[in-house]
Amino acid sequence: MDSALSSPSLNADSQVEKYVVCVNTFKVVLRLCKVGGLADEALMVLKKMPEFNIRPDTTAYNLVIRSLCEKGDMDMAKQLMGGDGFGIVEKAFELLAEMEKEGEGCRPNVITYTSVIQSFCEQGRAKDALSVLELMEVRGCAPNRVTASAWINGVCMNGQLQDVYKFIERIVGGGSVSMGDCYSSLVVCLIKIKKVEEAEKTFRMALSSGMKPDSLACSMMIREICSEKRVLDGFCLYEEVEKTGCLSSIDIDIYSILLAGLCQKSHSAEAARLARSMVEKRIPLRTPYVEKIVEHLKNFGGKELVAELVSMVR
DNA sequence: GTAGGGTTAG
C-alpha cells in the first residue's frame with residue numbers, strides 16, 4: 001500500500017490527464033481499507049487526497065475514523081490479554097477535531113461523533129465518551145438512538161451497569177432520543193450478557209411505564225422466555241406488547257415459536273387465539289413447526305382455522 | 001456503499 005501510493009505511476013500529476021479522480025474514487029479505496037482492517041493505510045490515503053486537489057468530505061473522514069476505531073478496539077482487546085496498544089482512538093479523535101477546524105464540507109455529523117463515542121465506551125473510557133457527547137451537543141449535533149445504543153452497549157459490556165440509568169436520564173433529557181429506544185437497547189444488552197432476569201424486569205417496567213420497546217427488544221425478550229419453556233408467560237407478554245401497538249415489525253418467527261409452545265403444552269385456548277390472530281394478520285407459519293402445530297390444533301382450533309393457517313405456509 | 005442489539009427445529 002505504501003509503495004503503491006508513493007510510486008511514480010500513482011501521483012497526482014500523472015493521473016490528471018488519464019483519469020478523473022474524484023472524492024468517490026477515494027471513498028472506494030477508503031472503504032476497502034476499512035473492510036481490510038487497514039486503518040493506518042486509510043489515514044495515509046486521506047492525507048494524500050489534497051495532492052489530487054480533492055477535499056475529503058464528511059463520509060470520507062468518517063470511513064477513516066471508523067477504521068481507526070475498529071483497530072483501536074482490537075488493540076484494546078490485545079491489551080486486555082497482556083499485550084500493548086492504546087491510543088488509536090486518540091487518532092480518531094484528532095481527526096474529528098480536524099474536521100471541526102476544516103469547516104464546511106466535512107463538518108462532523110452524528111455518525112462521526114457516535115463512532116468515537118462507541119469506541120471510547122467499548123474501551124471502558126466513559127469519561128472520554130462523555131466529553132465527546134458534550135462536544136457534539138455544544139456543536140448543535142443531536143445524539144440519536146444509535147448514539148445512545150453505542151453508549152449503553154459499551155457500558156453494559158464493561159459491567160458498569162450502575163451508571164447506565166444516569167446516562168439514560170441525561171440523554172433522554174436532551175430531547176432527541178426516546179426512553180423506549182434507550183430501554184430497548186438496554187434489554188438487548190442485558191440478554192446478550194445473560195442477565196435475562198434483569199432484562200425481563202427492565203422490559204416489563206418499560207412496558208408498564210408506557211414506553212414502546214422496539215421490535216428487536218420485543219422479539220428477543222419473548223424468544224428468551226420461550227426458550228426457558230415459559231411459553232404461557234411469553235404469550236402473555238406478547239399480548240401485552242400487542243396492546244401497546246408496537247408489534248408491527250416484530251420478528252414473525254416469534255408467532256410460530258409461541259404457537260408451537262402453546263400447542264405442545266396443551267394451552268389450547270391460547271393457541272387457538274394466537275392462530276386466529278395470525279390468520280387475521282396473514283402471518284405465515286414457519287415450516288419447521290407446521291406438523292406439530294397442525295396436529296395439536298386440529299383438535300381444538302377447528303378444521304377451518306388449521307386449513308387457513310396451512311394455506312399461508314411459505 | 002458513513003452507524004447498531006440477535007436467532008436459525010423438538
Side-chain angles (χ1 to χ4, degrees), chain A residues 23-35 42 46 56-70 73 92 95-96 99 106-122 132 136 141-157 164 177 180-196 199 202-203 213-227 229 231 234 249-265 285-296:
Chain A
V23 197
N24 288 336
T25 316
F26 279 95
K27 282 195 222 173
V28 171
V29 179
L30 291 176
R31 208 169 289 126
L32 287 172
C33 288
K34 179 173 173 291
V35 171
L46 184 79
D57 60 9
T58 301
T59 64
Y61 267 104
N62 284 354
L63 279 162
V64 181
I65 285 176
R66 289 293 311 160
S67 296
L68 288 168
C69 286
E70 280 165 24
D73 295 340
L95 273 189
L96 192 156
M99 294 169 80
C106 66
R107 205 167 281 168
N109 60 13
V110 62
I111 296 178
T112 322
Y113 291 109
T114 299
S115 297
V116 176
I117 287 174
Q118 178 189 31
S119 220
F120 278 143
C121 284
E122 280 175 358
V132 179
M136 76 186 286
C141 181
N144 62 19
R145 49 192 283 175
V146 181
T147 318
S149 168
W151 189 297
I152 293 166
N153 193 54
V155 165
C156 280
M157 293 306 169
V164 90
V177 186
D181 281 334
C182 290
Y183 275 84
S184 295
S185 291
L186 181 55
V187 166
V188 169
C189 285
L190 287 170
I191 293 175
K192 228 168 94 181
I193 59 175
K194 306 276 183 229
K195 300 202 171 190
V196 181
T202 306
F203 187 86
D214 66 22
S215 67
L216 184 62
C218 293
S219 301
M220 284 181 67
M221 196 68 253
I222 295 173
R223 188 189 285 270
E224 202 63 39
I225 290 173
C226 288
S227 78
K229 304 291 174 205
V231 202
S249 54
I250 198 176
D251 187 347
I252 62 167
D253 293 354
I254 297 294
Y255 290 87
S256 292
I257 292 170
L258 279 172
L259 187 53
L262 289 171
C263 286
Q264 189 182 357
K265 292 212 169 175
L285 271 185
R286 272 200 65 196
T287 47
Y289 300 99
V290 171
E291 268 184 48
K292 282 191 174 165
I293 289 174
V294 168
E295 190 184 315
H296 285 262

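Below, chain A is the first sequence line, B the second, and so on; all start at residue 1. Since this is a predicted model, take the numbers as computed values, not measurements.
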Exercise. Starting at CD1 of A:Ile152 and ending at C1' of B:dA3, how long is that distance when rounded to a whole Å?
Worked result: 15 Å
Exercise. In whole Å, what is the span from the CG atom of A:Asp57 to the C1' atom of B:dG1?
Worked result: 13 Å
Exercise. Is a donor-acceptor contact shorter than 3.5 angstrom present between the side chain of A:Asn144 and the base of B:dA3?
Worked result: yes
Output a table of donor-acceptor pairs, distance under 3.5 Å, between side-chain atoms of residues 184-192 of chain A and any protein atom two or more places apart or on a different chain; print 'none' if there are none.
residue: A:Ser184; atom: OG; partner: A:Gly180; partner atom: O; Å: 2.7
residue: A:Ser184; atom: OG; partner: A:Asp214; partner atom: N; Å: 2.8
residue: A:Ser185; atom: OG; partner: A:Asp181; partner atom: O; Å: 3.3

For this session: Determine whether the side chains of A:Asp253 and A:Ser256 contain a donor N or O and an acceptor N or O closer than 3.5 Å.
Result: no
For this session: Under the side chain to side chain donor-acceptor pair (under 3.5 Å) rule, collect the residues that match up with A:Lys34, sequence neighbours excluded.
Result: none
Problem set entry | Spacing of A:Tyr61 atom OH relative to B:dT2 atom P, expressed in whole Å | 17 Å
For this session: Rounded off to whole Å, could you give me the CD1-to-C1' distance for the A:Ile111 and B:dA3 pair?
Result: 5 Å
Exercise. Expressed in angstrom and rounded to an integer, what is the separation of A:Leu95 atom CG from B:dT2 atom P?
Worked result: 18 Å
For this session: Applying side-chain contact (heavy atoms from CB on, under 4.5 Å), name anything that partners A:Cys182, two or more places apart in sequence or on another chain.
Result: A:Ala148, A:Ile152, A:Ile168, A:Ile171, A:Val172, A:Val177
Problem set entry | nucleotides 5-10 of chain B: protein proximity per nucleotide (B base, S sugar-phosphate only, - neither; heavy atom, under 4.0 Å) | BBB-BB
Exercise. Listed by chain and number, what are the side-chain contact (heavy atoms from CB on, under 4.5 Å) partners of A:Thr287, not counting sequence neighbours?
Worked result: A:Val313
Seminar exercise, completed: The ring-ring contact (aromatic ring centres under 6.0 Å, His included) partners of A:Tyr289 (sequence neighbours excluded) come to none
